[in-house]
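Right, one structure below, let's go through it.
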Amino acid sequence: PPPSPPLPPPDPRHLPPPFPAGLPNTIKVARFTLSAFFNTVQGVTRDNDLLGTNQTFTDVRRNQPYAIYWTPENPINTYPSNSNFSNPLGVAFYQDASFVRLKDATLSFDLPARFAARFGGESLRIYGNGRNLWTKTKWTGLDPELNNPRAIPLERVLTGGLTVRF
């Protein structure tokens with residue numbers, strides 16, 4: 001049989017990101033401890049349909065980033081007009097989705113042992129924790145970490161607590 005034709009080159013939009021990284025950090029000063037985890041993905045370009053021109057639906061505008069569109073009174077080249085007919089070929093709007101995020105941070109304080117002894121414990125720690133506290137990105141979708149610009153973004157979660165060791 002004849003040899004199989006070569007496979008087409010992979011679509012760069014579906015390759016793993018070129019540079020994912022994470023940086024854990026813990027700093028302890030006296031009775032305080034601060035732990036933080038930063039993660040980043042750099043070199044990602046994605047189609048952001050929120051920047052497209054099909055943002056009208058039954059005469060109601062969908063939620064979208066603020067953009068100044070082309071109009072007859074404002075003939076600019078930033079964005080085409082916001083109508084279902086201004087992009088008949090369905091040209092995608094690509095955008096840099098690289099980001100740096102403070103994924104997790106915890107601040108704790110170890111109370112003196114005499115406080116834990118009141119409860120019959122050896123040690124007592126009070127802490128506060130936050131997840132998804134800060135993100136730096138040029139992406140105008142809801143969350144640069146997700147593949148769909150309309151997906152529900154990662155939640156910011158704040159918790160606090162008390163740890164007693166017996």
Got a second to check how far L133's CG is from L158's CG, nearest 0.5 Å?
6.5 Å

Are W70 and P75 side-chain neighbours, meaning at least one heavy-atom pair lies under 4.5 Å?
yes

Under a 4.5 Å cut-off applied to non-hydrogen side-chain atoms, are T135 and P144 in contact?
yes

Main-chain N/O of T159 paired to N129 side chain as donor or acceptor, under 3.5 Å
no

Would you say the side-chain atoms of R125 pair up with the backbone N or O of D110, donor to acceptor, closer than 3.5 Å?
no

What is the distance from atom CZ of F38 to atom CG of L102, rounded to the nearest 0.5 Å?
4.5 Å

Which atom names give the shortest non-hydrogen contact between G121 and V164, and what distance separates them?
CA-CG1, 4.4 Å

How about I152: does its CD1 atom have over 12 heavy atoms from other parts shown lying under 6.0 Å from it?
no

Heavy atoms from other residues, nucleotides or ligands near NZ of K136 exceed 12 (cutoff 6.0 Å)
no

Spacing of CG belonging to N48 relative to OH belonging to Y94, to within rounding of 0.5 Å:
11.5 Å

Show your reasoning for whether side chain to side chain contact (heavy atoms under 4.5 Å, CB included) applies to V44 and F19.
CA-CA 9 Å; V44 179; F19 183 67; over 6 Å; no

Heavy atoms of L124 and F115 approach each other most closely as CD2-CB, 4.0 Å

Working for side chain to side chain contact (heavy atoms under 4.5 Å, CB included), residues T40 and R101:
CA-CA 6 Å; T40 182; R101 174 172 280 161; over 6 Å; no

Just so I know, are the side chains of Q95 and T45 near enough to count as touching, which here means a heavy-atom distance under 4.5 Å?
no

Value for CZ (R46) from CG (D96), rounded to nearest 0.5 Å, stands at 10.0 Å

F99 to N39 - nearest heavy-atom pair and separation
CE1-ND2, 4.0 Å

Could you go step by step and tell me if R131 and L154 meet the side chain to side chain contact (heavy atoms under 4.5 Å, CB included) rule?
CA-CA 9 Å; R131 295 193 175 188; L154 298 175; over 6 Å; no

Write down the atom of L146, the atom of P153, and the distance for their closest heavy-atom approach.
CD1-CA, 4.0 Å

Go through the steps to decide whether R31 and L111 satisfy the test side chain to side chain contact (heavy atoms under 4.5 Å, CB included), and finish with yes or no.
CA-CA 7 Å; R31 295 177 184 263; L111 293 164; 5.8 Å; no

In terms of heavy-atom contacts, does CD1 of I126 have more than 12 from other residues, nucleotides or ligands at under 6.0 Å?
no

L162 CG to F119 CZ distance, which is reported to the nearest 0.5 Å
7.5 Å

Check: N25 side chain, F37 main-chain N or O, donor-acceptor pair, under 3.5 Å
no

At their closest point, which heavy atom of S98 faces which heavy atom of G43, and how far apart are they?
OG-N, 2.8 Å

Of all the heavy-atom pairs spanning T163 and Y127, show the shortest one and how long it is.
OG1-CE2, 3.5 Å

Rounded at 0.5 Å granularity, tell me how far CG in D143 sits from CD in E155.
11.0 Å

